[in-house]
Amino acid sequence: MIRTKCEVLSVRRAGLYLSLTLVAPEIADAAKPGQFVQIGVPEDRGIMLRRPFSIHQASRQGGWAGTVEVVFDVVGPGTEWLSQIRQHEFVDIIGPLGRSFVLPKDQIFCLLVGGGYGAAPLYLLAEELRAHGKSVAMLMGARTHERVFKPIEGKRLADVMWITTEDGSMGERGRVTDVLPELIRKAGAEVVYACGPNAMLRGVADVALANRLPCQVAVEELMACGLGVCWTCAVPLIASDGQGWWNVRACVEGPVFNGARVWWDRWLGDAEEAAPAGGFAEVLEEPEPVEAGPR
């Protein structure tokens with residue numbers, strides 16, 4: 001983990017969202033797809049906690065070498081302040097944090113599924129997969145066409161790309177989970193990666209499990225400290241053998257998890273009496289075992 005004062009290189013529009021590019025060569029060099037940074041808000045703003053942002057791009061070469069890019073929407077006082085940042089100002093950040101996506105060893109077809117600007121980490125992942133010779137398909141969804149995240153960039157990165165919108169204003173009408181089963185078969189997907197709202201991730205994980213495909217999801221959770229100290233971002237994770245469960249921290253043991261092992265019912269409010277047992281399609285090269293924590 002690195003803490004540094006970063007110069008703001010640019011603040012620009014990315015559709016309805018905002019893109020912030022920071023000069024952070026050490027973080028850019030260490031960052032992996034799925035990780036995040038925590039940005040500190042000035043004390044005079046009366047906001048004590050840092051704000052977490054997924055890493056959208058980490059450039060190590062070319063004209064943007066040594067930079068990290070994050071994407072956000074204005075949803076509260078922290079992001080409101082960030083939207084007012086100007087070029088050449090400085091922000092205090094720590095990162096890269098959390099567990100990243102794991103790339104498959106074999107030359108298999110990877111399907112990346114994203115929702116809204118929550119899809120931002122998938123673009124760095126797509127670049128890494130292609131750099132390692134993997135085939136990439138992308139499925140992006142949003143409520144309206146204005147909220148589809150960087151569709152032109154997605155088409156550049158992917159071998160094939162599909163888009164869904166709930167109002168039908170771009171691509172297929174509906175949600176990504178409506179078309180996912182068919183597209184898995186059409187693309188010949190052998191692994192699924194997903195970023196976006198947790199309700200969407202739950203649906204994607206269910207479809208992947210039904211098709212016996214490994215699925216890695218980058219969950220969205222409030223991270224007060226980002227360092228694993230406060231336990232406000234706890235996610236219930238089922239044991240790999242289906243026997244029991246424990247709480248883990250999205251900021252340290254995640255944010256990337258095996259979608260088949262997240263106990264979605266308990267986490268999202270539909271708790272059951274006992275965790276489901278067995279039937280898991282294990283994630284490819286799942287990160288080292290997560291330590292058991294308090295239930």
Side-chain angles (χ1 to χ4, degrees), residues 32-35 54 98-115 118-119 121-141 157-162 176-177 179-220 235-243 245-246 248 250 253-265 267-268 275-290:
K32 297 178 181 179
Q35 292 186 303
S54 297
R99 291 178 184 241
S100 64
F101 289 108
V102 179
L103 275 59
K105 289 182 179 179
D106 299 329
Q107 301 302 310
I108 64 177
F109 206 103
C110 306
L111 177 58
L112 282 52
V113 184
L122 295 179
Y123 290 73
L124 179 57
L125 174 61
E127 290 186 350
E128 290 288 319
L129 289 168
R130 292 183 64 89
H132 286 80
K134 318 300 182 188
S135 297
V136 175
M138 299 183 78
L139 170 59
M140 297 291 121
L157 287 171
D159 296 289
V160 59
M161 182 178 181
W162 299 278
V176 294
T177 48
V179 301
L180 183 57
E182 178 186 355
L183 296 187
I184 285 175
R185 292 188 291 272
K186 184 179 293 186
E190 297 165 274
V191 60
V192 177
Y193 297 91
C195 291
N198 290 331
M200 185 207 81
L201 298 182
R202 178 184 190 173
V204 171
D206 286 345
V207 172
L209 183 58
N211 285 270
R212 306 301 299 169
L213 290 182
C215 176
Q216 298 181 38
V217 298
V219 303
E220 294 186 348
V235 177
L237 199 70
I238 301 165
S240 58
D241 61 2
Q243 304 302 311
W245 65 279
W246 53 85
V248 296
E253 286 83 23
V256 176
F257 294 107
N258 177 349
R261 290 187 56 198
V262 176
W263 189 2
W264 301 100
D265 286 343
W267 187 31
L268 301 184
F280 302 119
E282 290 301 325
V283 69
L284 295 183
E285 300 176 50
E286 189 165 15
E288 62 269 22
V290 174

Heavy-atom pair of closest approach, residues Cys195 and Gly118: CB-O, 3.1 Å
Partner set under salt bridge (Lys or Arg N to Asp or Glu O under 4.0 Å) for Asp159, not counting sequence neighbours: Arg130
Audit row: Leu237, Val262, side-chain contact (heavy atoms from CB on, under 4.5 Å) steps and yes/no: CA-CA 5 Å; Leu237 199 70; Val262 176; 4.2 Å; yes
For Glu128, all residues meeting salt bridge (Lys or Arg N to Asp or Glu O under 4.0 Å), sequence neighbours excluded: Arg60
Note, Val235 side chain near Trp263 side chain (heavy atom, < 4.5 Å): no
Side-chain heavy-atom pair Leu103, Leu125 within 4.5 angstrom cut-off: yes
Partners passing ring-ring contact (aromatic ring centres under 6.0 Å, His included) against Phe101 (at least two apart in sequence or in another chain): Tyr193
Results of side chain to side chain contact (heavy atoms under 4.5 Å, CB included) for Pro181 - residues two or more places apart only: Arg185, Val207
Heavy-atom donor-acceptor pair, Arg99 side chain to Glu253 backbone, under 3.5 Å: yes
Ser100 versus Gln35, closest heavy-atom pair with distance: CB-CG, 4.0 Å
Straight-line distance of Lys186 NZ to Leu180 CG, nearest 0.5 Å: 12.5 Å
Minimum heavy-atom distance between Leu111 and Ala189, given as atom pair plus value: CB-CB, 3.8 Å
Check against side-chain contact (heavy atoms from CB on, under 4.5 Å), Glu190 and Cys110: CA-CA 6 Å; Glu190 297 165 274; Cys110 306; over 6 Å; no
Heavy-atom check, side chain of Val192 versus side chain of Val217, under 4.5 Å: no
4.5 Å side-chain heavy-atom contact, Thr177 and Val204: yes
Any Trp162 side-chain heavy atom under 4.5 Å of Met140 side chain: no
Test item: Tyr123 and Met138 side chains (from C-beta on) under 4.5 Å apart, heavy atoms: yes
Nearest-0.5 Å distance that lies between atom CD1 in Ile184 and atom CG in Asn211: 4.5 Å
Close side-chain approach of Gln216 to Asn258, heavy-atom, < 4.5 Å: no
Considering all heavy atoms, the nearest Asn198-Trp264 contact: O-CZ3, 3.8 Å
Nearest heavy atoms of Glu127 and Leu157, plus distance in Å: CG-CD2, 3.5 Å
Student check: side-chain heavy atoms of Leu213 and Val191 closer than 4.5 Å: no
Minimum heavy-atom distance Ala187-Ala137, with the two atoms named: CB-CB, 4.5 Å
Sequence-distant partners of Gln107, side chain to side chain contact (heavy atoms under 4.5 Å, CB included), two or more places apart: Lys134
